[in-house]
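Order of the sequence lines sets the chain letters (A, B, ...), proteins ahead of strands, with each chain counted from 1.
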Amino acid sequence: MLDVKIVRENTARVEESLRKRNYDLSILDRFLKIENERRELLRLIEGKREQRNKVSQEIAKLKREKKDVLSFLAEAKNISDFIAEKEERLKILEEEARQELLIIPNIPHESVPVGKNETENVEIRKWGIPKKLDCAPLNHWDIAAMLDIIDFDRASKIAGARFSLMKGMGAKLERALMNFMLDLNTSKGYKETLPPLLVNRESMTGTGQLPKFEMELFKTADPEFYLIPTAEVPVTNIHRDEILNESELPIYYTAYTPCFRREAGSYGKDTRGLIRQHQFNKVEIVKFVKPEDSYDELEKLTNDAEDILQRLDLPYRVIALCTGDLGFSSAKTYDIEVWLPGQQKYREISSCSNFEDFQARRANIRFKREGKKGTEFVHTINGSALAIGRTVVAILENYQQKDGSVMIPEALRKYMGVEVIR
RNA sequence: GGAGAGGUGGCCGAGCAGGUCGAAGGCGGCGGUUUGCUAAACCGUUGUAGGGGCCAAAACCUCUACCCAGGGUUCGAAUCCCUGCCUCUCCGCCA
């Protein structure tokens with residue numbers, strides 16, 4: 001959520017932001033129209049309330065002196081009736097203004113490249129060289145079928161499309177990756193957490209999934225909970241409605257969780273294999289930082305996610321999302337894309353974003369500076385480190401061998417207990 | 001699932017036979033006195049948001065709202081009534 005003051009007093013900046021993101025400018029006009037009416041009405045009501053409070057105090061005084069108050073009662077009643085009527089309208093306006101404000105996206109940072117869509121994202125750096133395989137590269141689902149470590153057919157019997165059943169060394173590979181990633185992240189100062197996978201509406205609104213993206217979420221009926229699409233949601237909400245001390249910052253968390261996504265609107269995309277699932281495992285890293293540090297911290301967080309790929313010796317590149325591809329809540333995002341020989345393409349395996357104070361304002365996460373009056377919103381940053389299903393894909397495809405077996409990356413062997421899956 | 005207790009400021013905790021209560025007291029924070037230094041003691045100060053005075057800020061003054069949330073009663077609600085949410089205790093059931 002943007003600062004109402006910025007929207008009101010710095011409208012041009014918000015307009016530019018919407019234009020760069022290819023958003024319809026009408027959402028801004030709608031908001032401003034409602035907001036102006038709301039302010040005007042609020043002034044009127046506050047003036048009337050002042051009147052009423054004065055009369056009420058007068059009544060209290062007269063009563064104490066045992067004097068007659070009848071004429072004042074009638075006057076006060078009139079004012080109260082007037083206020084009650086106007087307040088109804090005010091409530092409607094307040095709710096409307098809030099709803100409009102909640103669907104205005106964050107303002108991209110000045111360093112974000114301007115562009116229409118994902119084709120105009122900018123490559124920042126590349127690491128590693130795709131290995132020359134001594135055979136024609138296979139897709140991970142063919143490799144997995146041959147090794148009998150992922151069973152998509154039975155998964156669809158049990159649940160449906162876009163689910164997977166990991167078996168044997170496949171299941172163990174997922175578990176090994178979780179442990180490897182969590183161990184590495186915690187060694188860098190990220191505190192391990194294991195949060196709820198079902199959350200309430202407030203939490204989803206706090207991080208920006210609601211109200212705009214309801215269609216992308218799974219939801220339980222009674223009682224009503226939302227299944228998390230990423231650990232970002234419960235972990236960022238750890239400090240919702242809190243005031244942190246400056247000395248506590250920065251706070252680093254890491255969390256392994258399953259993630260649940262409807263994937264509505266992605267019919268026909270990545271229908272085979274592990275790339276796009278309704279349920280997948282992910283290790284996330286999240287930071288709460290002071291505003292002046294947030295862009296340095298984003299770079300460091302991105303490096304921390306890259307470190308995992310380097311240790312697994314998987315080639316990747318880092319791209320900066322352009323304004324047209326940037327997520328709703330994000331001010332700046334780096335995607336890390338891993339090389340997949342089976343597709344002969346780089347595919348997203350992590351997304352690292354600085355939300356500045358956009359989530360913090362929605363979720364009301366503030367901090368107090370030492371010796372200073374008042375509070376400020378923290379900046380929140382998070383990234384995948386990493387998406388585990390896609391890491392499995394990358395390992396299967398990059399480490400496949402001519403005989404159909406798959407080597408285990410050096411760093412993972414102590415977690416797997418074997419050097420090769422065959 | 002059954003029975004009970006409770007949700008007040010950064011924290012703890014009074015107030016709850018409706019009026020001068022934004023709310024006693026304590027802790028913490030900040031400023032000061034004292035001190036070789038530290039501690040202690042003492043004095044003062046200390047909520048958030050929005051609006052107006054002055055739209056260039058800051059300070060100051062002033063108004064409005066906020067005692068879990070939402071409704072209701074009333075001239076007036078932290079206080080009374082209803083609903084919801086959350087927390088805790090006991091019993092039952094359960095991985």
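Of the two residues contacting RNA chain B, namely Ile243(A) and Asp3(A), the nearest-nucleotide position lying further toward the 5' end is that of Ile243(A).
In this structure, His278(A) has its ring center under 6.0 Å from that of Phe218(A).
A sub-4.0 Å separation between OP1 or OP2 of G19(B) and a side-chain N or O of Arg64(A) is absent. In this model, the phosphate group of G76(B) is approached by a side-chain N or O of Ser80(A) to a distance below 4.0 Å at OP1 or OP2. In terms of phosphate contacts, Asn53(A) brings a side-chain nitrogen or oxygen within less than 4.0 Å of OP1 or OP2 of A65(B). In this model, the phosphate group of C63(B) is not approached by any side-chain N or O of Lys54(A) to a distance below 4.0 Å at OP1 or OP2. Phosphate proximity of G51(B) to Arg38(A): absent, as no side-chain N or O sits under 4.0 Å from OP1 or OP2.
Taking the side chain as every heavy atom from C-beta outward, Lys20(A) and Val112(A) never approach each other to under 4.5 Å.
Judged by distance alone, with hydrogens and angles left aside, Lys61(A) brings no side-chain donor or acceptor close enough to the base of G19(B) to form a pair under 3.5 Å.
If you take CG of Leu70(A) and P of C75(B), they are 11 Å apart, rounded to a whole angstrom. Look at CD on Glu50(A): it is 13 Å from C1' on G53(B), rounded to the nearest Å. If you take CD1 of Ile83(A) and C1' of C63(B), they are 13 Å apart, rounded to a whole angstrom. Rounded to an integer number of Å, the gap from Glu75(A) CD to C75(B) C1' is 10 Å.
Seen from the ring of Tyr253(A), Lys191(A) does not count as a face-on cation partner, given the 6.0 Å and 45° thresholds.
For Lys77(A), taking side-chain heavy atoms from C-beta onward, the closest of the listed nucleotides C75(B), G51(B), A49(B) is C75(B). Nearest to the side chain of Arg43(A), among A49(B), G51(B), C75(B), sits G51(B).
Figure legend. A5(B) is base-paired to U87(B); pairs are counted as Watson-Crick or G-U wobble with both atom distances under 3.5 Å.
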